[in-house]
Every structure is written in structure tokens, then in C-alpha cells.
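Data block below; observations after.
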There are 4 protein chains.
Amino acid sequence: MNKKQNIIPAAAHLFADQGFDGTTTIQISREAGVTEPLIYYPFKGKDDLFTQILEAGFTEYFNRLDALENHSGSAMQQIEDLVSLHFAFVDEKPDEIYLTFSTCPAKLNDPNHVCVRNIKRQREQLKALLINCLERGVASGEFVSVPILETAHLIIALITGWMRLRGLKIDSLEGMKAVATEFIRRSLVP
Amino acid sequence: MNKKQNIIPAAAHLFADQGFDGTTTIQISREAGVTEPLIYYPFKGKDDLFTQILEAGFTEYFNRLDALENHSGSAMQQIEDLVSLHFAFVDEKPDEIYLTFSTCPAKLNDPNHVCVRNIKRQREQLKALLINCLERGVASGEFVSVPILETAHLIIALITGWMRLRGLKIDSLEGMKAVATEFIRRSLVP
Amino acid sequence: MNKKQNIIPAAAHLFADQGFDGTTTIQISREAGVTEPLIYYPFKGKDDLFTQILEAGFTEYFNRLDALENHSGSAMQQIEDLVSLHFAFVDEKPDEIYLTFSTCPAKLNDPNHVCVRNIKRQREQLKALLINCLERGVASGEFVSVPILETAHLIIALITGWMRLRGLKIDSLEGMKAVATEFIRRSLVP
Amino acid sequence: MNKKQNIIPAAAHLFADQGFDGTTTIQISREAGVTEPLIYYPFKGKDDLFTQILEAGFTEYFNRLDALENHSGSAMQQIEDLVSLHFAFVDEKPDEIYLTFSTCPAKLNDPNHVCVRNIKRQREQLKALLINCLERGVASGEFVSVPILETAHLIIALITGWMRLRGLKIDSLEGMKAVATEFIRRSLVP
DNA sequence: GATGAATGAGTGTTCATTCAT
DNA sequence: TATGAATGAACACTCATTCAT
């Protein structure tokens, strides 16, 4: 239970960097400073390790997301919080959150697997939240009139696109949260 | 009976779907309806196959992108064309273009490899184009005053984020091009 | 029947240079200036090609060797002729003769195969000839008294050792025939 | 239960018997009583295994050969010791020493490879030693007058030829060392 | 708990050979 | 006869995983 805390971040980092298939158990053990078989004490295997990392990421992610659902502020405020949530998250735990938004490894593609289920749930929840938000905003006149579903998808693309660039360390610009928020606000608020 | 032509789309599809490492040569051969060794007739190996797919994608991509550089229209027009270019491209060749925008396999990460070099070139070229465009627009008053570099990155995130969702078949909404263009226009044009 | 003459020397050369297993049929076809499947018209396969080369080499070799058996000259004269035969042969057809004296490919090691049979026959015949020769020479006082069997083996080692060095192009010294003959003569003739 | 020690002799035997290309890793593993992947635990691959066997053989061989260089005895005595060295060696370690004297696999033919470098060094060192020896002997009148270089090559051919026959188990005669020594002595000493 | 040794299953790749034309 | 296209069988090698200690 002691070394488990070394393994998870090491694995998360390598998975995020090289993909699930591109990462070997021996790489993980070296990065974690343990021997290879030790991985099999706290985890059933490579799949399980991956799954647990993802699940931990998802758990925290959904906790934060759920807190947004019962939102009392304006529609724009809610979108702003949504953007903040994701941008803050990817700064805190770039590997876990990047994995959360990346594709499932091919071999874990069965629809009952935690990986697929959660990724689907995440997309649905994000979509629902944004649709609700946009509908509210358009109805109340807070937002200009936009096609709801398409705009929701667009904002998801913007958020996940940025997280991807950030998670892969391709983009390291600071202060993007405010810029993104303003960008969306100008587009939606009349 | 030239089965060689089946290999490229089959491989592109699988690579886009499962990643480079997650795709086996035998999967490719089955998807292409040929036997495994036939892959090695026109291609030197799995790496070469991947490289050639990417290179073909990049060649066409850069051709289209270069055509945008000497643009005579307004700044917004140019951004619109940029969005159109990418959205049209990903509709035409979802697999190839998705690969073009996805990450390099870990093992092909040496900086001289076509894969890395082109992906870098692509990001640089996109950034340069957008920065130029935004500077023009802001200077002429066509656009509101925005932080140039950050906004360029944001638009790249939006475009690539969308292409990713689209390339992975996660999102299949039609008519997104116009919605995206309008979304950006409202944000930038006063 | 036309291109067969191109294939044999090309194959013989490559087999001698790289060994049977180290030589591929495509190398042979290129060296012979033909396409790969053409090899299968005059030959049943790679094994057969190898066998035929060996057989041709052996046929000529045994022809020459048989001519030595009914020898009328002195014992030393006969040994001299034996040395001459081998040294001349390896100069004329270095590849074929080298193969003749080299090891059988592992996969052709069954004792009924032409390859094994001939190599055995060759060693037996050489041994018989030398034993006969040495016995004659010792009995007649032409030679000093030497252990017959061992000396026969030694001369075989000398001859095959030289042919190997020569066949592999490791040694390219000229005029070795006379030197070898003299070397043996001084050792045997009192 | 260190099965690693079984691998080297098993591999040496098979390599000597069937050549590098003719020997498969699965054959080696079976002969060593281990499973195939275990070969890759102590060795980087088939090439490395081959190289290490050769290197061990060469190291011991050169150690023994170097001991002969500073020789105080007569020229004939030195040659006798040289013959003894080789004949004793091939009796002790028939596989390793046979490999040491056999040809490099075609694919390891680059001139910097241990294999090529050592085989060259061996030939040069043997040649130098014999030339020196013969020159001494001829100058002092211990030997009859012989062409130095050619005779050196001849003795090398004799020694390596014998080692080959012996290493390949083609010839199993005992007591050859004395016979060979006498054979050479009679030829050189007046 | 911890590890060095070991392995079953599979991967990319090569090669001798055949087939359709 | 000749060849481009195609393949079955094997090869060296890797990897996630387990076992003996």
C-alpha cells in the first residue's frame, strides 16, 4: 500500500505521454522505482492499473462537475465555471485529466468497461449541462440566439481541444482561462 | 487485382481508431482483405506504412493551407476559410486528417521523423497564419482588441478539438462549419 | 535452359560467400539478372539448386580424382598430383569447389541426401587414396616410416584447410602449389 | 536454478554444427532446456549471444597465443607449442574454438564487428608469429631454407584445416598432435 | 512484502514458393 | 517462357504476467 502511491503517478504520466499500448510495465516499474512484479500486488494487471487511474480521475472529475449542475448563477457564469473547472483541473493533474479525455485503448473498447462507460457519461453530462445552460441563456435573452446542440458541441470541442494540447505539453501558454472565457462570452452575450 | 490499394485506407482507419501501437499488422491485413506479408510488398514495414499515410495526408493538407496564405480577403474571411478548410477536410478524409492532427506514436518521436516534423510545421504554420490574421484584424478595427497569441491558440484548440471528435466518430453533427464560423465571428467582429 | 547458365554461377558464388541459409532466393535472382520465380523453372527449389551445383562440382571432382586412382607413378608423384588437382581446381572454380568441401546446410543433413553422401564419399575416397599411397611409399622405402592413417588425415587437413582459405578469399597467395608439394615431400621423402 | 549457464554451451554447439543462420533461437532454447524468451534475459539477442560466445573463445585463445609470443625455445619448439596449443584447445572446447576459426555470418560482416575484427587479428597474429619463427629458424640454420610467407600460410592452413575437421566431428582420431608436429619437423628441420 | 527467474501468447517481419496471367 | 502479385510457414523478439523463494 506504500509503493502504490509511487506507481499511479508514474503510470499516469507514461500512459498520457506514450499511450496505453506504447507503455510497457517495465517502464512503469522503472519510473516508479519499484520492481516489475510489484505492480501486481496492488493491481490485477496493466488494464486494472489503467482503469484505476482513470476511475480516480473520473471520480474527482464528476464530483466537480456535479457541483456545477445545481448552479444558481447566470448561464454565462455557469459556462465560465465549466471552463474554469477544466482549465484548473488540467493544470493540477495534467496526466489523469488528459487520460480522462483521450481515447480508450482499443482492447478496452467493450461498452461495459469503466473506461468507455465513463467517457460516454462524461460527454453526455457535459452536453446536457451545456444544452441546459444555452437554452436557459437564449430563453432569458442573456445569450444571443444560437443553435443549441451545435454550440454545445463546439464548446466541448474547444475545451477538450485545449485540454489535449495542454495535457500533451504541446501548448504551455498561461492565462488561457480568462482568454477562453472572454472569447466565449463575446460570442454568446449580446 | 491490385490489393495494395486496399491497404492504405484500411490501415488509416485502424490507426485512427486504435492508435499506432494498438493496431497490429494482422488486423490491417484482415481489414484490407489480404494476407499479412503482402503489406511488406509495397511498404517497408508498419512504420513506413504509417509514415506514408501521414505524408500523403500532410502533403494534401499543406497544399490547401498554403493556398490560404496569400489571402486577399478580410481577416474574418480568412479565418472563415481556415475553418472551412479543416471542417471540409475532416469530412472528406476523416482518418488521414485525424492522424495528421493526432499525436505521434512514442517510438516515432525522434525529431527528424516525418511525423514529428510535419506536426510541428503544421502547428507553426497555423499559429503564424492566425497571428497574422488576428493582428491585421485588430489593427484595422475589423476585430475587437484581443490578446493575439492566446486567441490564436484558442482557435487552434477549437479546430483541432473538433477534428478530433469528428475523426474519432464521437461527434457526427452536420452543419457545424457555419455554426463554428458564426461563433468565432461573433466573438471577434464588433 | 538459357538462363539456367546464369543462375548456377550466381548461386554458387553467393552460397560460397554467405552460406546456404544466409543466401536468399531474391539475392540469387538479382545476381543472375532474372526474376525470382524463374529460378523455379530449371530447379525444383533452393535445395535443388544447391544440390545441383554441388552435384556438378562433385561430378567433375570425382572424375578428376578417379583419374588419379590408377596411378602409375611413384607414391610422391601421386601425392603431388593430388595436391595439384585440388589447388588447380580451387583456382578454376573457387565457389563450386569451396562448397564441395564445406559443411552441409543443417536442413540437408539427412544421410541419404546427395550432399552428405558425396561429402562422405569424398572424404572416404581421399582417405583411401592417401592410405594406399602412403602404404606403398612406406613399404617401398620411398617414404620414411610414418603412421599411415594419421598422416593421411593430416594431408587432408592441409589440403582442405588451404582450399577453405582460398575459397573464402581469405588467402590469395599465388604459387602455393609448389610450396605445398615441397613441404610434403621434405616431410615424407627421406 | 540458473538456467542461463545452459544457454551458452547449447548455443555454441548448435552454431558450430549448423552455422549461425541455420540455428534458430527455439532450437537453442530446447537444447538448453529453457523457453525461448529466456535467451533474451542474459543476451540482447541472437547476434549478441553469438558475439559473446565468440568473444569468450577469442579472449581465452589470445591469452594462450600471447603466452607463446615471448618464447625462449628453439624455432621448432615454438612451432610445436603452437600446434599443441591449437590441438589441445580444440579438444577442450571444440565448439567455441571451431566458431573462432570459422567464417563470420554474412550479416555480421561489417568490419567493426567483434567477429570480423578478431578473426582478422587472429590471422595476422598467427601469420606474424609463424613468419618470425620461420625467419629465425632459417637464419640460424635450424630450418632448411623455405619461402617464409608461403610456408607460414601453409602451416596455418594445416592447423585450421585440422581444427575444422575436428570441430565438426568429421575427424575423431586421437594422437594427432604428435603426428602433426613430427610431420612439420621432418619438413623443416634438416 | 518483495524479487530474480521464467514463460505463454503474440508481434512485426522474412522467405521460399506458387499462382494468375 | 516469364513475371507481378500473393501466401504459408517460420523467425527473432517483446511483453504482460506468474512462480519459487
Side-chain angles (χ1 to χ4, degrees), chain A residues 1-4 20-29 33-50 107, chain B residues 1-7 20-29 32-50 107, chain C residues 1-4 20-29 33-50 107, chain D residues 1-7 20-29 32-50 107:
Chain A
M1 211 72 74
N2 185 4
K3 309 244 174 158
K4 185 171 174 178
F20 178 79
D21 294 299
T23 301
T24 67
T25 48
I26 202 158
Q27 284 179 327
I28 295 171
S29 70
V34 300
T35 54
E36 218 184 350
L38 210 98
I39 297 176
Y40 294 82
Y41 278 85
F43 304 100
K44 275 198 291 190
K46 194 186 170 190
D47 290 10
D48 183 43
L49 171 54
F50 185 78
K107 59 176 296 201
Chain B
M1 218 183 273
N2 201 335
K3 305 199 174 177
K4 175 176 161 181
Q5 283 134 8
N6 298 355
I7 294 174
F20 180 80
D21 293 303
T23 303
T24 66
T25 47
I26 205 161
Q27 283 178 331
I28 296 171
S29 68
V34 299
T35 52
E36 217 185 348
L38 198 71
I39 296 175
Y40 297 84
Y41 205 86
F43 304 100
K44 272 194 288 194
K46 195 186 169 190
D47 289 11
D48 183 44
L49 172 53
F50 185 77
K107 60 173 294 202
Chain C
M1 213 69 74
N2 186 1
K3 308 243 174 160
K4 186 171 174 178
F20 178 79
D21 295 299
T23 302
T24 66
T25 48
I26 203 159
Q27 284 178 328
I28 295 171
S29 69
V34 301
T35 53
E36 216 184 350
L38 211 99
I39 296 175
Y40 294 82
Y41 277 85
F43 305 100
K44 276 198 290 190
K46 194 187 170 188
D47 291 8
D48 183 43
L49 171 53
F50 185 77
K107 60 176 293 202
Chain D
M1 216 181 273
N2 203 335
K3 305 198 176 178
K4 175 176 161 182
Q5 285 136 6
N6 299 354
I7 295 174
F20 180 80
D21 293 302
T23 302
T24 67
T25 49
I26 204 161
Q27 283 178 330
I28 295 171
S29 69
V34 300
T35 51
E36 213 186 351
L38 196 73
I39 296 175
Y40 297 85
Y41 205 86
F43 304 100
K44 275 196 284 194
K46 194 186 170 189
D47 290 11
D48 183 42
L49 172 53
F50 185 77
K107 61 173 293 204

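Reminder, nothing fancy here: chain letters follow the sequence lines and each chain counts from 1.
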Rounded to whole Å, please give me the gap between [atom1] in [X] and [atom2] in [N].
X        : N       : atom1 : atom2 : answer
Glu36(C) : dA16(E) : CD    : P     : 7 Å
Ile7(D)  : dA12(F) : CD1   : P     : 14 Å
Phe43(A) : dA2(E)  : CZ    : P     : 14 Å
Ile39(B) : dG12(E) : CD1   : P     : 9 Å
Asp21(B) : dC15(F) : CG    : C1'   : 12 Å
Phe50(B) : dT13(E) : CZ    : P     : 14 Å
Asp48(C) : dT18(E) : CG    : P     : 12 Å
Tyr41(B) : dC19(E) : OH    : C1'   : 13 Å

Thr23(A) near the nucleic acid: base, sugar-phosphate alone, or nothing, with a heavy-atom cut-off under 4.0 Å?
-> sugar-phosphate
Looking at every strand, decide which applies to Thr24(D) at a 4.0 Å heavy-atom threshold: base, sugar-phosphate, or nothing.
-> sugar-phosphate
Is [X] near enough to [N] that one of its side-chain N or O atoms lies under 4.0 angstrom from OP1 or OP2?
X        : N       : value
Tyr40(B) : dT13(E) : yes
Thr35(A) : dA2(E)  : no
Thr25(A) : dC15(F) : no

Heavy atoms only: give me the nearest Phe43(B)-Asp48(B) pair and the separation to one decimal.
->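 Smallest interatomic distance, heavy atoms only, reads CA-OD2, 3.5 Å.
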Specify the closest pair of heavy atoms between Thr25(A) and Glu36(A), including all atoms of both residues, with the distance to one decimal.
->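 So the two residues come closest at OG1-OE2, 2.7 Å.
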Is the closest side-chain heavy-atom distance between Ile28(D) and Leu49(D) below 4.5 Å?
-> yes
Sub-4.5 Å side-chain heavy-atom contact between Phe20(A) and Asp21(B) | no
Using the closest heavy atom to pick a nucleotide of DNA chain F for each, name whichever of Lys44(D) or Leu38(C) lands nearer the 5' end.
-> Leu38(C)
Quick one: the dot-bracket string of DNA chain E, using Watson-Crick and G-U wobble pairs with both distances under 3.5 Å, [ ] for crossing pairs and | for bases paired to another strand.
-> .||||||||||||||||||||
For DNA chain E, whose closest nucleotide is more 5', that of Pro37(D) or that of Asp47(C)?
->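 So the residue in question is Pro37(D).
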Of the listed nucleotides dT13(E), dT3(F), dA16(E), the one nearest the side chain of Lys46(B) = dT13(E)
What distance do Tyr41(D) atom OH and Thr35(D) atom OG1 have between them, rounded to the nearest 0.5 Å?
-> 12.0 Å
If only atom types and distance count, is the side chain of Lys46(B) paired as donor or acceptor with the main-chain N or O of Ile39(B) below 3.5 Å?
-> no
